[in-house]
Amino acid sequence: HGYLSKKELKKKLQLADFLVVFGFNGRFGETITTGKIFDYMEAVKPVIVVGRTDSELASLVIKTGIGFVASNFTEMNEILTDFAKDPKLFVTKMHLKRNSEEIVKYSTRSTAEAYINIFKEVISK
């Protein structure tokens, strides 16, 4: 689809009812996390991770409360059926799950501070 500016991306994400991100099942699948998840966090829309429940991606979604993890057909069917029954209730339940204290740990500022602290530690040795 070509390049999409951050501004345009935000507009497109706001049009969605929920956002889907696919995990990686291959080698190192438990540690690989797509950067897209951070755009999704910022969009404040329910996120559905399709993939491994033991992955860093799944852990991030569960800790922050931004969505659900579905690792098989049955789990995906349950989530989508719940959404189809009452989309407004689904989104409301999702917003109640959000953990702002965890979400802020993944902000640009928090990440920059973490790297600054690592550099300070390395330089001090």
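Since the structure is predicted, the reported quantities are computational estimates derived from the model, not experimental observations.
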- Query: Of the non-hydrogen atoms in Val50 and Val20, which two are nearest, and what is the gap between them?
  - Reply: CG2-CG1, 4.0 Å
- Query: Taking atom OH of Tyr3 and atom CD of Glu8, what is their separation to the nearest 0.5 Å?
  - Reply: 10.0 Å
- CE on Met94 to CD1 on Ile48, rounded to 0.5 Å: 9.5 Å
- Message: How long is the straight-line distance from CG of Asn99 back to NZ of Lys105, given to the nearest 0.5 Å?
- Response: 7.5 Å
- Task: Output yes when Glu121 and Lys125 qualify as a salt bridge under the 4.0 Å nitrogen-oxygen rule, no when they do not.
- Result: yes
- Message: Can a donor-acceptor pair be found, under 3.5 Å and without considering hydrogens, that links the side chain of Lys97 to the backbone of Gly67?
- Response: yes
- Query: Cluster question for you: counting only ILVMFWY and a side-chain heavy-atom cut-off of under 4.5 Å, with indirect links fine, are Leu4 and Ile37 together?
  - Reply: yes
- Query: Rounded to the nearest 0.5 Å, how far apart are CG of Asn77 and CD of Glu75?
  - Reply: 11.0 Å
- Message: Around atom CD of Gln14, are there more than 12 heavy atoms from other residues, nucleotides or ligands closer than 6.0 Å?
- Response: yes
- Gap separating the NZ atom of Lys6 from the CG atom of Asp39, nearest 0.5 angstrom: 4.0 Å
- Message: Are the side chains of Val44 and His95 in contact, using a 4.5 Å heavy-atom criterion?
- Response: yes
- Is the shortest heavy-atom distance from the side chain of Asp82 to the side chain of Glu78 under 4.5 Å? no
- Item | Rounded distance [0.5 Å steps], CD1 in Ile123 versus CD1 in Ile118 | 12.0 Å
- Message: Grouping I, L, V, M, F, W and Y whenever their side-chain heavy atoms are under 4.5 Å apart, do Leu19 and Phe38 come out in a common cluster?
- Response: yes
- In the single-linkage hydrophobic clustering (I, L, V, M, F, W, Y; side-chain heavy atoms under 4.5 Å), do Leu9 and Val47 co-cluster? yes
- Item | Set of residues satisfying ring-ring contact (aromatic ring centres under 6.0 Å, His included) with respect to Phe68, sequence neighbours excluded | Phe90
- Task: Indicate the atoms forming the closest heavy-atom contact of Ala58 with Thr53, along with that distance.
- Result: CB-O, 3.7 Å
- Between Asn117 and Glu113, is there a donor-acceptor pair closer than 3.5 Å when you use the side chain of the first and the backbone of the second? yes
- Smallest heavy-atom separation, Met41 atom then Arg98 atom, equals O-NH2, 3.3 Å
